[in-house]
Amino acid sequence: MVGGRNLPTGPVRPGGHEQRGGVPISQRDWWRDAVIYQVYLRSFADGDGDGTGDIAGLITRLDYLGELGVDAIWVNPWYESPLNDGGYDVADYRSIHPLFGTLDDARHLVEEARSRGIRLLVDLVPNHTSSEHEWFRAALDSSSGSAERARYHFRGGRGPDGELPPNDWVSVFGGPAWTRLPDGEWYLHLFDPTQPDLNWSNPEVRAEFRDIIRFWLELGVSGFRVDVAHGKSKNPDYPDVGEMVDQIDFGDDHPTWDRAELHEIVREWREVVDGYPGAMMVAEAWVANWTRLARYLRPGEYHQVFDFLFLQAPWDATSLGSRIDEAITATSTVGAAPTWVLSNHDVVRHATRYGLASGVDPEEWLLDGDRSLLDRERGVRRARAATLLVMALPGSVYVYQGEELGLHEVYQLPVEALQDPVWERSGRTRKGRDGCRVPIPWAMEGRSFGFGADGSWLPQPAHWGETSVEAQRGVDGSTLELYRTAIRLRRELIGESLPFRWQEWNRDVLAFSRGSMLCVVNLSDEPVALPAGDVVLASEPTGNELAPDTAVWLMREA
Ligand code: NOJ
């Protein structure tokens with residue numbers, strides 16, 4: 001046992017722990033204050049030296065995750081797939097891509113992780129399959145109006161001979177959301193053309209996903225991160241989206257996003273998940289505000305939603321403070337706990353976002369990556385302060401692999417190296433998400449800085465070794481050690497139950513207490529006086545004053 005919490009073991013007994021899918025699971029709501037580490041498998045650790053990360057590599061790094069102290073890991077899609085969208089194009093939901101390993105490897109991972117007190121969440125991708133999925137292949141081989149096509153959205157076109165798409169819906173990756181087949185019908189794909197959208201009003205689709213959920217829970221996973229949770233349901237009349245295309249608050253009437261019917265599907269899943277004590281679901285829902293987000297957390301629905309409203313807030317006390325306040329209030333009204341996410345595999349890494357000049361849009365900036373607009377040191381400094389901020393808040397924290405090393409976005413990737421479909425589909429106007437997916441530096445030197453034996457599927461920058469695990473492990477003040485200490489102290493000093501109370505919230509400073517612990521973050525350009533108390537952790541060396549872009553945890557007399 002290297003770290004993490006012991007997962008309970010023991011006999012099945014009512015109200016205690018129950019054995020399901022081979023995994024003894026506590027009925028405690030473990031996720032409410034968990035630290036959950038996101039493993040982007042392709043880029044985490046390469047066990048077989050083919051340049052792509054895999055389950056074998058992840059298993060060799062479980063001790064590292066145990067030492068870091070995480071409660072669970074969420075693994076991005078690892079299923080059979082043509083990997084046109086990094087695995088979010090699933091060809092078979094019950095098998096593992098040979099690049100990543102086998103089902104036996106997955107079982108082995110569950111066991112190995114559990115023995116270190118770490119749970120495993122997998123990615124559920126229900127909005128669309130891959131065009132290589134047997135259902136879609138059967139649909140292509142079948143005629144218009146067939147049961148095979150009824151699992152997806154096939155429609156006739158508009159205009160003479162139906163040569164225009166059925167409506168004006170657009171793909172998230174750019175271009176129209178419809179592709180025409182040689183037989184003249186069009187099919188819907190809200191993402192890449194190789195990701196046809198499933199028809200969720202078809203009972204067969206619904207039954208299939210309940211079964212997929214059961215399959216993974218039986219294998220021993222502790223739950224799911226659910227992809228595009230605000231998707232799935234479509235207006236059955238397929239109306240034009242019109243001006244709503246630019247709408248951020250979808251309301252109830254958007255033809256494709258955040259529709260009321262999707263909640264019924266979630267409730268069906270929840271019934272299955274509830275049969276496995278300790279299992280949970282976290283929703284990836286990009287909606288405009290907490291009024292909409294809280295709907296996903298109603299009784300009988302998701303256990304958690306990612307708070308992207310917080311992630312999108314700029315580095316200023318007013319914005320961050322109000323996002324925190326909203327999240328805590330909104331989740332408490334539905335009996336849920338907040339989640340704090342600073343980065344993931346879809347967004348520019350936060351060390352870079354926080355280092356960009358004020359007002360610069362990170363995605364637009366990425367296109368030419370103008371170095372003069374980025375202050376790398378300031379970005380890391382703010383990222384470290386943000387870590388202490390989120391680790392002290394009530395709720396759970398999702399850590400994206402590499403953020404514990406203070407990694408920046410690799411914004412210098414040459415366009416020939418880009419793999420994300422966003423680049424081509426957007427007509428090369430959006431560079432895409434490869435820059436946050438570059439394989440992790442484990443060692444200071446070597447062909448792929450310890451990622452694997454034979455290079456990496458995306459090029460790593462020359463300076464990558466300086467931020468490697470090897471360069472930071474055991475080094476006082478390193479970002480890795482800051483994370484380790486923060487995760488440990490969070491568990492020892494805070495826990496879930498200590499009440500959150502704002503102590504100060506103005507345009508310069510955020511300060512709140514959790515019992516006798518006080519977290520203070522200076523978001524101004526000037527030092528501020530440090531309140532009385534014993535400093536237990538600081539994001540930068542700290543005396544009597546708290547420097548700009550610095551956070552501190554203090555213990556005060558009870
Ligand atoms: C959200 C995933 O996080 C992203 O990586 C993917 O491209 C889309 N959903 C489509 O599945």
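Computed from a prediction, not measured in an experiment: that's the story for all the values here. Worth knowing before you read on, the calculation uses all heavy atoms, side chains too, and leaves out hydrogens, waters and symmetry mates. For ligands, and for the atoms within them, numbers begin at 1 and follow the listed sequence.
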Review point. R437 heavy atoms, cut-off 4.0 Å: which ligand 1 atoms fall inside?
Key: 5 (O)

Check your understanding: Among protein heavy atoms, which lies nearest atom 11 (O) of ligand 1, and at what distance?
Key -> D227 OD2, 2.7 Å

Check your understanding: Going by the atom numbers of ligand 1, which of them fall below 4.0 Å from some non-hydrogen atom of H128?
Key -> 10 (C), 11 (O)

Point to revise | Residue selection (non-hydrogen contact nearest atom 8 (C) of ligand 1) among W286, F191, F306 | key: F191

Review point. Between the side chains of W457 and S43, does any donor sit under 3.5 Å from an acceptor?
Key: yes

Check your understanding: For atom 6 (C) of ligand 1, what is the nearest protein heavy atom, given as residue, atom name and distance?
Key -> D85 OD2, 3.4 Å

Study note, to complete from the structure: Here the atoms of ligand 1 under 4.0 Å from any heavy atom belonging to E284 are 1 (C), 3 (O)

Review point. Is the closest side-chain donor-acceptor distance between Y93 and E208 under 3.5 Å?
Key: no

Check your understanding: Do R155 and Y238 meet the cation-pi criteria used here (NZ or CZ under 6.0 Å from the six-membered ring centre, within 45° of the axis)?
Key -> yes

Review point. Which of the atoms of ligand 1 are close to H345, meaning less than 4.0 Å from one of its heavy atoms?
Key: 2 (C), 3 (O), 4 (C), 5 (O)

Exercise for review: Using only heavy-atom distances, determine whether the side chains of T339 and Y398 contain a donor-acceptor pair under 3.5 Å.
Suggested key: no

**Study point:** Distance-only polar pair, side chains of D71 and W31, donor-acceptor under 3.5 Å
**Key:** no

**Study point:** Subset of ligand 1 atoms that lie under 4.0 Å from at least one heavy atom of R433
**Key:** 4 (C), 5 (O), 6 (C), 7 (O)

Practice item. Would you please say whether a donor-acceptor pair under 3.5 Å links the side chains of N202 and Y152? Key: no

Exercise for review: Show your working on ring pair (Phe, Tyr, Trp, His ring centres under 6.0 Å) between Y276 and W216 and close with a plain yes or no.
Suggested key: CA-CA 11 Å; Y276 295 79; W216 288 101; over 10 Å; no

Review point. Side chains of D123 and W74: is there a donor and an acceptor less than 3.5 Å apart?
Key: yes

Check your understanding: Given D346, V125, L190, which has its nearest heavy atom closest to atom 5 (O) of ligand 1?
Key -> D346

Exercise for review: Mind checking whether F173 contacts ligand 1 via backbone (N, CA, C, O), side chain (CB onward), both or neither, at a 4.0 Å heavy-atom cut-off?
Suggested key: side chain

Exercise for review: Give the atoms of ligand 1, by number and element, whose distance to some non-hydrogen atom of V228 is under 4.0 Å.
Suggested key: 9 (N)

